[in-house]
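See below for the structure under consideration.
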Amino acid sequence: MQRTTMDLWVGLFVVMGIAALMILSLKVGNLNVYNPSHSYVLSGNFENIGGLKVRAPVKSAGVVVGRVTDIQFSTQTYDAVVTMSMDSRFLFPKDTFASILTSGLLGEQYIGLAAGGDEVKLKDGDKIMKTNSAMVLEELIGRFLFNKASEDDSSL
């Protein structure tokens, strides 16, 4: 092979490697393109959001149906108010249940929606009334240790 042809191939592979790293970093950072032209906004109050972040996915049955757009602290109710932008193709009943879940054992956190059976659908600006906060690993370990300690005391 000639020197210029070899340089062309090496350059092509370097560009493909850089492009692959950029795509991977966008997927890992949740910066992949999710910008539906038609969306509606929902909110929900959670006692503990754990490690939930802005741009975290909102999933139903494993399908991404929206993204978290804002997280605020309410001084009236002393809990977190999570605002979600939902794709308008997916309408959910009024009695939808929102839970903060974790991908895998220690993966990223996301909001999982479980649709109810109500015929009335949520619309722009509505609040999801039924929420379930994140499970915090430290709290679970603390409860387990406290229960074990109290069992040992009662056996004496």
Side-chain angles (χ1 to χ4, degrees), residues 12-151:
L12 184 66
F13 281 119
V14 168
V15 168
M16 287 179 10
I18 291 171
L21 286 174
M22 285 184 62
I23 290 170
L24 184 63
S25 66
L26 290 175
K27 284 189 179 273
V28 168
N30 257 343
L31 297 175
N32 47 354
V33 179
Y34 174 79
N35 192 6
S37 58
H38 302 290
S39 63
Y40 62 100
V41 177
L42 297 177
S43 64
N45 289 22
F46 294 89
E47 289 181 15
N48 190 341
I49 61 167
L52 188 71
K53 295 181 173 72
V54 174
R55 289 191 315 269
V58 178
K59 296 181 181 181
S60 182
V63 177
V64 176
V65 295
R67 290 270 176 202
V68 173
T69 56
D70 191 30
I71 301 172
Q72 297 290 324
F73 181 74
S74 171
T75 56
Q76 285 82 26
T77 58
Y78 297 103
D79 55 9
V81 179
V82 177
T83 307
M84 301 162 269
S85 175
M86 307 294 294
D87 192 335
S88 62
R89 295 179 296 166
F90 308 110
L91 298 175
F92 290 91
K94 279 267 193 195
D95 59 348
T96 296
F97 202 91
S99 301
I100 297 178
L101 305 170
T102 305
S103 296
L105 186 58
L106 296 173
E108 71 171 350
Q109 290 192 316
Y110 65 95
I111 294 182
L113 297 180
D118 199 346
E119 291 184 18
V120 179
K121 304 291 184 192
L122 290 166
K123 58 185 182 308
D124 191 27
D126 281 351
K127 180 176 275 195
I128 297 175
M129 301 309 283
K130 299 176 181 179
T131 60
N132 189 14
S133 296
M135 278 211 187
V136 180
L137 192 58
E138 292 84 4
E139 287 180 8
L140 291 175
I141 293 171
R143 286 181 192 163
F144 176 75
L145 292 175
F146 182 73
N147 287 341
K148 283 295 183 188
S150 65
E151 285 177 10

Contacts of type side-chain contact (heavy atoms from CB on, under 4.5 Å), residue [X], not counting sequence neighbours:
X    : value
A114 : F97
L145 : I141
L12  : W9, M16
V15  : none

For a quick test of reading the model, state the closest non-hydrogen atom pair linking [X] to [Y] and the distance between them.
X    : Y    : value
G44  : K127 : CA-CG, 4.4 Å
A115 : T96  : CA-OG1, 4.0 Å
I111 : A98  : CG2-CB, 4.2 Å
V68  : V58  : N-CG2, 4.1 Å
L91  : Y40  : CA-OH, 3.7 Å
V54  : I71  : N-CD1, 4.0 Å

Under 3.5 Å donor-acceptor pairs involving side-chain atoms of residues 128-135, not counting sequence neighbours:
from : atom 1 : to  : atom 2 : distance (Å)
T131 : OG1    : N45 : O      : 2.6
S133 : OG     : E47 : N      : 2.9
S133 : OG     : N48 : N      : 3.1

Hey, could you give me the [atom1]/[atom2] distance between [X] and [Y], rounded to the nearest 0.5 Å?
X    : Y   : atom1 : atom2 : result
L122 : M84 : CG    : CE    : 9.0 Å
L113 : L42 : CG    : CG    : 8.0 Å
D126 : F92 : CG    : CZ    : 13.5 Å

Does F144 offer a backbone N or O that forms a donor-acceptor pair with the side chain of N147 under 3.5 Å?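 Not a single qualifying donor-acceptor pair exists.
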Mark yes or no for whether S85, through its side chain, and R67, through its backbone, hold a donor-acceptor pair below 3.5 Å.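 It does not hold such a pair.
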K94 and its side-chain contact (heavy atoms from CB on, under 4.5 Å) partner, picked from K121, K123, E119: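 Considering K121, K123, E119, a side-chain contact (heavy atoms from CB on, under 4.5 Å) with K94 is found only for K123.
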Using the side chain to side chain donor-acceptor pair (under 3.5 Å) criterion, which residues pair with [X]? Sequence neighbours excluded.
X   : result
R89 : D87
T75 : none
D70 : Q72

By salt bridge (charged side-chain N to carboxylate O under 4.0 Å, His left out) - contacts of K53 (at least two apart):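 With sequence neighbours excluded, K53 shows a salt bridge (charged side-chain N to carboxylate O under 4.0 Å, His left out) to no residue whatsoever.
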Mind checking what makes salt bridge (charged side-chain N to carboxylate O under 4.0 Å, His left out) contact with K59, not counting sequence neighbours?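 With neighbours one apart ignored, the set is empty.
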Suppose the criterion is side chain to side chain donor-acceptor pair (under 3.5 Å): which pairs have a residue in residues 97-107, not counting sequence neighbours?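 Found T102-Q109.
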Decide yes or no on side chain to side chain contact (heavy atoms under 4.5 Å, CB included) for Y110 and V64, but give the supporting numbers first. CA-CA 10 Å; Y110 65 95; V64 176; over 6 Å; no
Near Y78 OH, under 6.0 Å, is it more than 12 heavy atoms from other residues, nucleotides or ligands?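 Incorrect, the count does not exceed 12.
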